[in-house]
Number of protein chains: 2
Amino acid sequence: MNLEDPALSGIHPVGTDTLGKRVYNELRNFLMVGGVQPGEKLTLRQLTAAFGTSLMPVREAVHRLAAEGALEVLPNRAIRVPKMPRARFDELIQLRIMLEGLAVATAAEKISDKAIGRLEETNEGFIAEMRKPPESQKPFLLNKEFHFAIYRAADMPVLLSMIENMWLQFGPFLHFSMGVKGRMATNKFAPDSHRRMIQSMKERNGEIGRKALEDDIRGAVELILRFGDIPE
Amino acid sequence: MNLEDPALSGIHPVGTDTLGKRVYNELRNFLMVGGVQPGEKLTLRQLTAAFGTSLMPVREAVHRLAAEGALEVLPNRAIRVPKMPRARFDELIQLRIMLEGLAVATAAEKISDKAIGRLEETNEGFIAEMRKPPESQKPFLLNKEFHFAIYRAADMPVLLSMIENMWLQFGPFLHFSMGVKGRMATNKFAPDSHRRMIQSMKERNGEIGRKALEDDIRGAVELILRFGDIPE
DNA sequence: CCCAGTGCTATGTGATCACAGATCACCGTT
DNA sequence: AACGGTGATCTGTGATCACATAGCACTGGG
C-alpha cells in the first residue's frame, strides 16, 4: 500500500490514544487554564458524567494528576485541587525561576536561527493580542507558547517536564487570583522581558536571558500579590 | 475516650493505606535499590502474581510510577524501566546538582542544632559501614538517609519531591552500573564531602554546602563513568 | 531459501459489580 | 438545648469479566 497514493489523500490519522490518556489531557488542560479553583473538591463519578466514559479512565487520569501534584487525595480519600498557601506560592516561584532560568540559559546556546525567527513571530502575535481588550484566554496561550518554544529549544526533556509540572500546579491558582479580577492574563512588562529574552538568544548570552526571565516572572508575581488573594 | 488511658497503651495504629499505595511503595523501593535493570520489561500480571493482589492496585501503582518517570509505557503499551543513554544521564546529573544544591544551601540557613547532631551520628554510622567489606545495601541506605535528612531540613516540600524523583530515576541504573561490579555502593571521597556539608551547616554557610554536595555527586559520577556501562 | 499470510497466545484497557469507609441528617436520651 | 448513637447515602477502592491488539511461531506458496 502506497501512502502517497492520491486516492488516500483524504485520510486523517485516527489517533490511538487510550481513553485514559484523552481524559488526562482534557482534565490537565482544564486545570491549566484555571477551570477549577484551589480547594475545590472533585468526585470520580462527577467527572465520569462530564466525560461520558466509565470510571476507569477517570480513575487513571486523576491518579496521574495526583502523582504530578496537580490534584490531591486527602487522607479521607477525597479528591481536591490543592490550595495555594503563601509558603507554597513562594517555593513554586523560586523553583520556577531556577528551572526556567536554566532552560532559557541553555536554549540561548543551542537554539537555531530559524527557531529564533519563529519566536519573534510568536511574540509579536502576543504583543498584538495584549493591545486588544482582554477577552479570551488567547494572550495567556500565546505567552505560554512563547515560553515553551524557548524551553523546548534547551533540549532537556526531564527539565521540560518539570517546568510543565510547575505551570500545571499554577493553573488553578492563576484563575483564582487573576481570572476573576479583570482577566489580567499577564502583565504589561511582559513584552519588554520577552524582547530581552529574544535578544539574549541572538547574542547567545544565557545569563542575560536568565535575568530577563526572572524579571518576567517577578513582574507577574508582583501583579498577583497586588490583585490576587493568597491565603495565609 | 482518653487515649492516655494506660489500659490502651498496647494499641498500635493499624494502618489504613490502600492496596494500591502499598504496592506503589513496594515497587518504588524495589526500583530505587536497583531491583530491575534499565530496559527490562514488566507485565501487570507478572507483578500481580508477585504482590498477590488483583490487577487493579498494580495498575494504579505502575501508572503512577510511569507519571513520575520511573517507568515507561511504550507506544505499544508495553511497560519497561527506562534506559539511561548518556544524554539523559548528563541531564539528570546537572539537575541533581542544581536541585540538591539548592536544598543544601537552604538547609544550612534553617536546620536546627539538634538536627545537625543527628546528622553527624548518621554520617558516623555511614563511615563505619564504609570501612566494612561491602556486603549489603546498608551503606547505600545510610548515605541516602544522610542526604535526605539535609534535604528535609530545607523545608521545601515541592523541591523535596523533585529530588526524590531524581533518586528514583537513578535507582535502576545504579544497580546496573555498580551493583554488579563489586557492589561499590558509594565512593571513598563521600565521607569528606559529607563532613564538609556538616561543617557548612554549623557555619550556616549555604554556598560551602552547595559546593561540597556538588563534589559528592561528581565523585560518584566519576566512579560510574569509570566502572559503569552507559549506553550510547 | 525467503517471505507474506494466518492463527494462537499474552497483555493492557475498559466496563461492571461488590464493598468498606466517610459524611451527614435525623432522632432519642440526658 | 446539647450530645451521642444510628441509619441512609455517597465515594473511592478492589475484583472480575470482556475485548481489541501486539507479538510470535507456524505454514504454505513463490
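Below, chains carry the letters A, B, ... as their sequence lines are ordered, and counting in each starts from 1. From a predicted model like this one, the values you see are computed outputs, not experimental measurements.
- Interatomic distance, Asp155(A) CG to Thr106(A) OG1, rounded to the nearest 0.5 Å: 10.0 Å.
- Evaluation of the side chain to side chain donor-acceptor pair (under 3.5 Å) rule for Asp90(A) yields Arg86(A) as partners, not counting sequence neighbours.
- In this structure, Glu60(A) and Arg64(A) have side chains that are not in contact, with every pair of non-hydrogen atoms separated by 4.5 Å or more.
- Rounded to a whole Å, the CD atom of Glu60(A) is 6 Å from the P atom of dT13(C).
- Every residue meeting the side chain to side chain contact (heavy atoms under 4.5 Å, CB included) condition with Phe30(B), not counting sequence neighbours, appears here in chain and number order: Val36(B).
- Non-hydrogen atoms lying under 4.0 Å from DNA chain D are contributed by Arg77(A), Ile79(A), all within residues 65-79 of chain A.
- Atom CG of Leu119(A) sits about 4.5 Å away from atom CD1 of Ile150(A), to the nearest 0.5 Å.
- Between Arg226(A) and Glu222(A) there is a salt bridge, since a side-chain N of the basic residue sits under 4.0 Å from a carboxylate O of the acidic one.
- From the 5' end on, the contacts that DNA chain D makes with chain A at under 4.0 Å to a non-hydrogen atom open and close at dT11(D) to dG14(D).
- A heavy atom lying under 4.0 Å from DNA chain C marks the following residues of residues 41-50 of chain B, by number: Leu42(B), Thr43(B), Leu44(B), Arg45(B).
- Residues passing the ring pair (Phe, Tyr, Trp, His ring centres under 6.0 Å) test with Phe146(A) are His194(A), sequence neighbours excluded.
- No hydrogens or angles considered: a donor-acceptor pair under 3.5 Å links the side chains of Glu100(B) and Tyr151(B).
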